[in-house]
Each structure stands twice: as structure tokens, then as C-alpha cells.
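What follows is one structure encoded as C-alpha cells, with my remarks underneath.
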Amino acid sequence: MPGASILIWTQLTEGLISALREAGAWNDAAPPRIELAIPRERSHGDWTTNVALLAAKEAGEKPRALAEKLAAAFPRDAALFESVEVAGPGFLNFRYAPEFLDRLPSRILSEGENFGNSDAAQGLAIQVEYVSANPTGPLNVVNARAAAVGAALVRLLRATGHRAEGEFYVNDAGNQVDLLGASVAARFAERIGTERAFPDHGYLGSYVADLAAQLPEVEARRALADADGARWFRERSLEKMLAWQRSDLSDYGAEFANWVRESTLHGAGDVEKALASLEARGMIYRAIDPEIDCSGAPRGPEPDAPRDPATYVRSGRFGDDKDRVVVKSNGVPTYLLPDIAYHRNKRARGFRHTIDLWGPDHHGHILPLKASLAALGLEPDFLEVLIVQQVNLLAGGQPVKMSKRAGEFISLRDLMNDVGSDCAKFFFLLRSTSAHLDFDLDLARSRNDENPAYYVQYAHARIASVMRFAAGRGLAPLDAAAEAALDHPAEAALARQLAAFPEVVRGAATAREPHRIPAYLMETAAELHRFYHACRVVSEDAPRSRARLRLAAAAAVALRNGLSLMGVSAPERMEREAEVEA
RNA sequence: GCGCCCGUAGCUCAAUUGGAUAGAGCGUUAGCCUCCGGAGCUAAAGGUUACAGGUUCGAUUCCUGUCGGGCGCACCA
């Protein structure tokens with residue numbers, strides 16, 4: 001049970017349940033919701049709960065009166081809390097005992113890389129599907145954002161006791177890959193001086209020519225001459241594109257346990273099975289128009305010729321605006337059917353829950369897919385979709401012009417080469433996933449104090465430097481000498497900040513909000529710097545030096561673990577811009 | 001016409017699932033290095049949380065409406 005010793009949340013919850021029982025405010029049928037938080041206002045204690053406010057009505061008491069009862073009945077652990085106070089309209093505020101904070105650094109050091117972890121989820125199998133870009137071009141900046149967020153989510157979920165895996169879904173069955181193959185074939189023909197028309201809506205990016213240039217020439221010439229050669233170009237281009245994406249993501253630090261190809265679902269008959277399963281549940285019908293349609297979309301002009309009937313899924317019964325076509329009148333499935341089959345497949349592989357990260361242009365698909373999965377009988381909470389909002393790249397204060405159609409855009413690889421992957425990830429994780437992000441390339445490029453990414457790393461490097469200095473004086477943080485009290489306000493403030501880390505990790509994981517981690521780390525770095533300025537660490541007073549070293553080392557653990565959740569390195573040393581140029 | 005995301009300090013964004021006096025960074029202003037890394041610290045200025053109602057002990061958060069920005073609304077994926 002790593003980290004559980006400091007997961008005060010559990011202890012508080014259990015204590016409050018016991019106090020609620022004793023106060024007669026516990027109802028087994030409808031237990032009051034217990035919300036615990038770390039108040040931003042210090043004077044409100046180190047932990048706070050509003051449970052008395054929430055439970056008062058049910059218990060038939062005034063909030064403050066109930067709060068008084070709960071404070072009296074709360075099981076006291078003098079080594080953890082020195083006081084439980086009633087405040088305001090009925091808040092309960094808990095205050096750490098000084099000795100808890102004194103001992104905290106040693107406990108954090110012994111937990112090491114496990115500090116911050118908990119087993120709250122008890123091994124729930126959960127999957128995070130992210131990036132899942134079409135294999136028809138380099139990864140773009142939204143993919144880069146999704147990669148940072150998805151990888152961070154997997155780490156956060158693991159840190160909170162989930163069995164979490166990353167997965168990449170490869171859309172290799174659609175006609176876009178045909179188009180890629182045809183585009184590459186045309187570029188190859190161009191390269192060897194043969195005539196071959198470039199396909200309509202073909203991929204125009206320079207990477208297409210790069211792909212063509214890397215083909216084995218003899219085989220490619222043969223395929224070009226062959227009537228069935230399109231398939232060769234298609235397969236070659238697909239594999240090469242996938243290999244590029246794979247290595248880019250790997251270099252970026254985004255790991256995937258599985259790469260699942262849409263083509264394998266077709267090959268294994270999963271798509272037909274999904275359809276059959278829907279049909280067996282009476283969720284399929286054939287018609288010209290959907291039976292349910294409340295979408296409010298403007299009706300197009302009536303087609304001249306009567307259409308043949310298509311196959312619909314009854315998604316409209318499960319919250320969708322309308323029933324959706326799963327097989328077109330020409331017998332070809334729409335995108336929705338393989339998507340349903342894919343998610344059915346995920347569930348069959350034992351995942352109890354899946355989190356899909358989709359791009360901003362896909363939010364219209366959430367409802368149809370969710371409703372279809374409900375029609376299939378999957379648990380309503382099986383699929384959770386997070387939209388990774390768009391990224392606006394700025395340079396010189398102006399939006400960077402990009403043309404997806406012409407294949408001219410900044411890729412993940414460009415971004416890594418330009419600002420570095422640590423910096424890119426830090427910037428992407430700094431903002432909430434659902435909000436549009438302005439990515440200032442000039443700021444990300446800068447290696448000075450204007451760049452927020454370095455602030456946290458610098459705090460870590462600074463601690464490492466103090467450690468080196470102390471080691472030169474024969475001092476180490478793990479010396480088993482008697483623990484001196486932390487009596488300076490800046491020491492206590494830093495220790496309090498460190499105590500909050502497991503709760504921040506827990507909250508970030510449950511809310512699916514990785515941005516809470518960098519926010520916490522920036523606060524922690526600020527506390528560290530304040531402590532550093534207020535308290536000389538290495539002094540003539542050896543016991544005090546050791547206590548402060550322990551505190552600083554514990555702060556380094558929190559910073560390192562937090563950065564690690566983000567996939568960002570925690571350097572032991574950093575060089576300033578001026579030094580780099582010198 | 002309908003749906004989704006968003007609207008918070010000059011700029012970029014937070015605000016612990018409805019909590020107490022709305023906070024950071026950048027920018028601006030004024031200070032702090034004989035001393036463990038100044039990529040740092042301290043302080044000041046900056047707000048009717050787009051607007052109008054509603055729900056309640058309590059609203060940036062939830063509901064309704066209006067305005068503004070972005071993205072979607074196919075038998076394309």
C-alpha cells in the first residue's frame with residue numbers, strides 16, 4: 001500500500017463516518033456525501049470539510065450545532081491533528097500537529113518514488129486511448145497535446161491504483177490510406193520521370209515525397225507498372241507512416257501498450273459480430289429515413305431519385321439526437337460501425353472503463369457512439385470521452401499559418417526539435433485539456449526566466465545543488481540523527497505543501513485533470529524558493545542543517561514525482577542562457 | 001435551426017467537482033546578491049468573474065435567457 005501512510009484523506013473519511021454515526025447523523029440508506037478539501041486560505045486549517053453543512057438538513061439540526069457534535073466525536077489522533085475547529089456557517093477545520101510536519105520529510109524520503117501514490121482505485125482496469133491519428137501524415141500539434149495529456153493520464157491512473165494502459169487505434173481500413181498510397185505512387189513516378197496523375201484530394205505535404213524517396217526503387221518500379229500495384233504502395237506507405245508516428249511518440253515519451261488496427265477488427269469478423277449483436281437486441285432496422293430524428297439539422301433538398309434503404313442503429317432511444325446509419329444503402333459500413341465494434345472489443349478484453357481522447361472536431365461523435373454502446377448493452381459509464389481542444393501556435397505574437405490541405409503544418413517532430421519535448425509537454429499540461437490553448441513558441445523557445453517550464457525544474461536543480469554543497473561538508477539528508485523541529489514559518493509552509501501532494505495526485509486522476517500537477521508543482525517550487533531565502537540550509541548547527549536538508553530533499557521528491565507524472569525530466573543541473581552562449 | 005467547448009487582472013490561464021477574503025505567470029512600478037545556483041525572493045498596482053434573472057446558508061462553478069468567440073451538425077472518416 002504505497003503512500004497510504006500519508007494519504008490522510010482515508011483517515012479523515014473514516015474518522016468522519018465514525019463521528020457522524022456517533023452524532024446520530026448517519027443514515028445507512030442515504031449516507032451523507034463526505035467532501036474533503038485542502039483550503040486555499042491557511043487560516044482555515046490544513047484540511048476542511050463541509051459535511052456538517054450538507055448533512056444538517058437530513059439530520060434535522062442546525063449546521064453549526066452538528067459541526068460542534070462532529071468535532072467532539074471525531075476520533076483524535078494527536079500525532080496527526082492538533083485541533084479540529086468549527087468555523088463559519090459550519091465548516092470543520094483540521095490543523096496538523098507540529099510533530100506530524102516534523103516527521104513528514106523522513107516519511108517522504110522513505111517512500112521515495114512512491115510518494116504521492118495510493119491504491120484508491122484498487123486495481124480497476126482502465127484504458128486510455130489517445131492520439132489515434134490517421135496514418136496519413138505526421139502528427140500535428142493537437143496530437144502532440146493529446147500525447148502529453150494521454151500519457152500523463154495513464155501515469156496518474158497508475159499512481160492512484162488503476163491498472164491503466166495506453167492504446168493507439170490505427171484507422172488503417174479507410175480510403176484515406178488508399179489516397180496516401182496513390183499520392184506516394186504519384187510522387188514516386190514524378191521522381192523517376194514517369195507520368196502518373198496526382199490523385200484528387202491527394203496528400204500534398206512534402207513528407208509524401210520523402211516517403212516516395214525511401215521506397216526500394218526496383219520493387220517500386222515494378223509496382224508502378226503492375227495493375228495491382230496500388231496495394232503495394234498503400235501497404236508500404238502505411239507501414240512507413242506508422243513507423244514514423246511510433247518513433248516520434250516514443251521519443252516524446254508517450255508509450256502505448258497496444259496498437260490496435262481497424263483492419264484486424266474487420267479481419268476477425270468483429271464488425272459483423274457487433275452488428276449481429278445489435279440486431280439480436282432489436283436495435284437495428286432498415287429504412288430510408290431514421291425513425292427518430294430530433295437533431296434539428298436543416299433538411300437538405302429531397303433527392304431526385306428515391307434512395308435504397310440503409311441500416312440504422314436505434315441510438316435515438318439512448319439519448320442520441322437521431323438514429324444513425326451503420327450500413328449505407330450500398331452495403332458499406334459507416335465509420336460508426338467499426339467504432340462500435342472496436343469499443344465492444346475493448347470491453348471484451350476486460351477493461352471496465354475506457355477514456356478516449358479525441359480531437360476538437362470529433363465532439364459530434366460522442367453522443368452517437370455512447371448511445372450505440374448503450375444499445376449494445378454496455379455499462380453507461382464504460383466510455384468516457386475527453387476532447388483535447390485545439391492549439392493555436394503563436395510566433396512573434398501572431399498565429400502561425402498552417403495549411404492542413406497543403407500538408408504544411410508544424411508537426412510533433414518539429415515541436416520537439418524546436419522547443420524540446422520537456423518544454424512542449426509542460427506547456428501542454430499547464431492548461432486544462434478542454435480549453436483552447438495558445439502555445440507561444442517564442443516563450444517556449446526561451447531559455448530564461450520568462451519560461452515557466454524552467455521554474456519547476458530549476459527548483460529541483462537548486463535542491464540538488466544544495467545537496468552537493470552539503471555533501472562536501474559531510475552532511476546527507478538521510479543521516480539517522482535525531483530529528484530537529486521545523487520551527488520557522490517557511491519550513492512549516494513547505495512541509496504543508498508537501499503533505500498535499502498525494503491528495504493533488506488523487507484529485508487530478510479522478511477529475512482527469514493533469515493540469516493540476518504543474519499548478520501544484522509551481523506552488524511547491526515557490527514554497528521551496530521562499531524557504532531557501534528565509535532559511536539557511538547548511539549551517540554550523542548540524543542537527544538543524546540535517547532537518548532542513550531532509551525537508552529540501554523531500555521537496556525534491558515531490559517535484560521529481562510530479563514532473564515524472566508529466567513525463568518531464570527533473571535535472572540535477574541546469575545551465576543558464578548566458579552560460580550557454582558564453 | 002440544433003449541439004459541444006469557451007468568455008475571469010493589460011496578456012496567457014487557475015480557482016480542489018457548490019465553499020469562507022477569486023489566485024498564479026508574463027508585463028508595469030519599487031526594492032533584495034561579501035553567504036548553500038538571482039532561471040530566485042519581497043512589495044505595490046491591476047476585478048461589478050461578458051450581461052440579466054433564477055436555485056440556497058453560500059454561485060466563477062448549477063439552471064434559463066441574451067451577447068460575443070471557436071468547433072461541429074452526411075448514407076465522409
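To find a chain, count down the sequence lines: A is the first, B the second, and so on, and within it residues start at 1.
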Using Watson-Crick geometry (N1-N3 plus N6-O4 or O6-N4) or G-U wobble (N1-O2, O6-N3), each under 3.5 Å, A20(B) is paired with none

Identify whether any heavy atom of His529(A) sits under 4.0 Å from a base atom; if not, whether one sits that close to sugar-phosphate; answer base, sugar-phosphate or nothing. sugar-phosphate

So, for Tyr454(A) and Phe426(A), is the gap between ring centers shorter than 6.0 Å? no

When rounded to whole Å, the OH to C1' distance for the pair Tyr335(A) and A74(B) reads 10 Å

### Task
Output yes if the stacking criterion (under 5.5 Å between centres, under 30° between planes) is met for His436(A) over the base of G70(B), else no.
no

Quiz prompt | OP1 or OP2 of A14(B) under 4.0 Å from side-chain N/O of Ser432(A) | solution = yes

From CG of Asp440(A) across to P of C13(B) the rounded distance in Å is 11 Å

query = Does a nitrogen or oxygen in the side chain of Arg431(A) sit under 4.0 Å from OP1 or OP2 of U12(B)?
reply = no

- Determine, answering yes or no, if Tyr458(A) is stacked on G37(B) under the 5.5 Å centre rule and the 30° plane rule. no

Any N/O donor-acceptor pair, Ser434(A) side-chain to C5(B) base, under 3.5 Å | no

The glycosidic conformation of U28(B), counting syn as within 90° of 0 and anti otherwise, is anti

Short side-chain N/O contact from Arg40(A) to OP1 or OP2 of A20(B), under 4.0 Å: yes

Item to complete: Determine the Euclidean distance between corresponding C1' atoms of G47(B) and C57(B); express it in Å to zero decimal places.
Response: 25 Å

Per side chain to side chain contact (heavy atoms under 4.5 Å, CB included), Thr311(A) is matched among Leu337(A), Thr334(A), Leu278(A), Val326(A) by Val326(A)

What's Ile366(A) touching, base or sugar-phosphate or nothing? Going by heavy atoms closer than 4.0 Å. nothing

P atoms of G53(B) and A15(B), separation to the nearest Å:
27 Å

| said: Under 4.0 Å, heavy atoms only, any strand: does Pro309(A) hit a base, just the sugar-phosphate, or nothing? | reply: nothing

**Asked** Taking atom P in both A59(B) and U16(B), what distance in whole Å separates the two?
**Response** 15 Å

Inset, instruction - Check the angle between the aromatic planes of Phe427(A) and Phe439(A) and answer parallel, tilted or perpendicular using the 30° and 60° thresholds. - result: tilted

**Request:** Quote, to the nearest angstrom, the C1' distance that separates G68(B) from C75(B).
**Result:** 36 Å

Give Arg536(A) one of three labels, base, sugar-phosphate or nothing, depending on what nucleic acid heavy atoms sit under 4.0 Å from its own. base

- Using a cut-off of strictly less than 4.0 Å, decide whether His365(A) has a side-chain nitrogen or oxygen near OP1 or OP2 of C4(B). no

Pro89(A) near the nucleic acid: base, sugar-phosphate alone, or nothing, with a heavy-atom cut-off under 4.0 Å? base

>> Ignoring hydrogens and geometry beyond distance, is the side chain of Asn93(A) in donor-acceptor contact with the base of A20(B) at under 3.5 Å?
In response: yes

task: Could you check whether Thr334(A) gets within reach of a base, just the sugar-phosphate, or nothing at all, counting any heavy atom under 4.0 Å?
output: sugar-phosphate

pair_partner(G46(B)), Watson-Crick or wobble, both distances < 3.5 Å, evaluates to none

| said: Is a donor from one side chain sitting under 3.5 angstrom from an acceptor on the other, for Tyr285(A) and Asp323(A)? | reply: yes

*asked:* If I pick the C1' atom on G65(B) and the same atom on G58(B), what distance separates them, to the nearest angstrom?
replied: 24 Å

Quiz item: Counting just side-chain N and O atoms, does Tyr455(A) come under 4.0 Å of either OP1 or OP2 of C41(B)?
Solution: yes

Here the distance between atom P of A77(B) and atom CG of Asp178(A), to the nearest Å, is 12 Å

Rounded to whole Å, the CG-P distance (Asp438(A) to C5(B)) equals 20 Å

Hey, does the side chain of Arg516(A) reach the backbone of Val504(A) with a donor-acceptor pair shorter than 3.5 angstrom?
no

TODO: Kindly check if the number of other-residue, nucleotide or ligand heavy atoms within 6.0 Å of NZ (Lys69(A)) is above 12?
DONE: no

Exercise. Scan Ala87(A) against the nucleic acid and name what it touches under 4.0 Å (heavy atoms): base, sugar-phosphate only, or nothing.
Key: base

Rounded to whole Å, the CG-P distance (Leu443(A) to U12(B)) equals 13 Å

Side-chain atoms of His363(A) come closest, of G70(B), G19(B), C36(B), to G70(B)

Identify whether any heavy atom of Thr510(A) sits under 4.0 Å from a base atom; if not, whether one sits that close to sugar-phosphate; answer base, sugar-phosphate or nothing.
-> base

Need one value for Ile387(A): base, sugar-phosphate or nothing, where a base atom within 4.0 Å counts as base even if backbone is also close, heavy atoms only. nothing

- What about His44(A): does its side chain form a donor-acceptor pair under 3.5 Å with the base of G19(B)? no

Next item on the list: Please work out if Ala511(A) contacts a base, only the sugar-phosphate, or nothing of the nucleic acid, heavy-atom cut-off 4.0 Å.
Entry: base

To the nearest angstrom, the CD1-P distance between Ile517(A) and U16(B) comes to 15 Å

- Write down the distance separating the C1' atoms in U60(B) and C33(B), rounded off to the nearest Å. 41 Å

- Would you say the side chain of Ile340(A) lies within less than 4.5 Å of the side chain of Leu369(A), judging by non-hydrogen atoms? yes

_Please tell me if Lys328(A) has a side-chain N or O lying less than 4.0 Å from either OP1 or OP2 of A77(B)._
yes

Taking Arg496(A) first and then Glu527(A), would you say they form a salt bridge - that is, a charged N and a carboxylate O separated by under 4.0 Å?
no

Answer for the Watson-Crick or wobble partner of G72(B), both distances under 3.5 Å, is C2(B)

Between NE2 of His515(A) and P of A15(B) the distance, given in whole Å, is 4 Å

task = Kindly say whether, by distance alone, the side chain of Asp321(A) makes a donor-acceptor pair under 3.5 Å with the base of G3(B)?
result = no

Partner of Asp320(A) under side-chain hydrogen bond (donor to acceptor under 3.5 Å, both in side chains), picked from Arg324(A), Arg317(A), Lys322(A), is Arg324(A)

Rounded to whole Å, CZ of Arg33(A) lies from P of C62(B) at a distance of 14 Å

For A9(B), the nucleotide meeting Watson-Crick or G-U wobble distances (both under 3.5 Å) is none

Across every strand shown, the nucleotide meeting Watson-Crick or G-U wobble geometry with U64(B) (both distances under 3.5 Å) is A52(B)

- Message: Parallel, tilted or perpendicular: which one describes the rings of His365(A) and Tyr335(A), with boundaries at 30° and 60°?
- Response: tilted

Looking at every strand, decide which applies to Gln390(A) at a 4.0 Å heavy-atom threshold: base, sugar-phosphate, or nothing.
-> sugar-phosphate

Per the O4'-C1'-N9-C4 / O4'-C1'-N1-C2 angle with a 90° window around 0, C6(B) comes out anti

Using the C1' atom in both, what is the distance from U29(B) to G70(B), to the nearest Å? 36 Å

field: Pairwise P distance for G46(B) and G40(B), with rounding to whole Å
entry: 25 Å

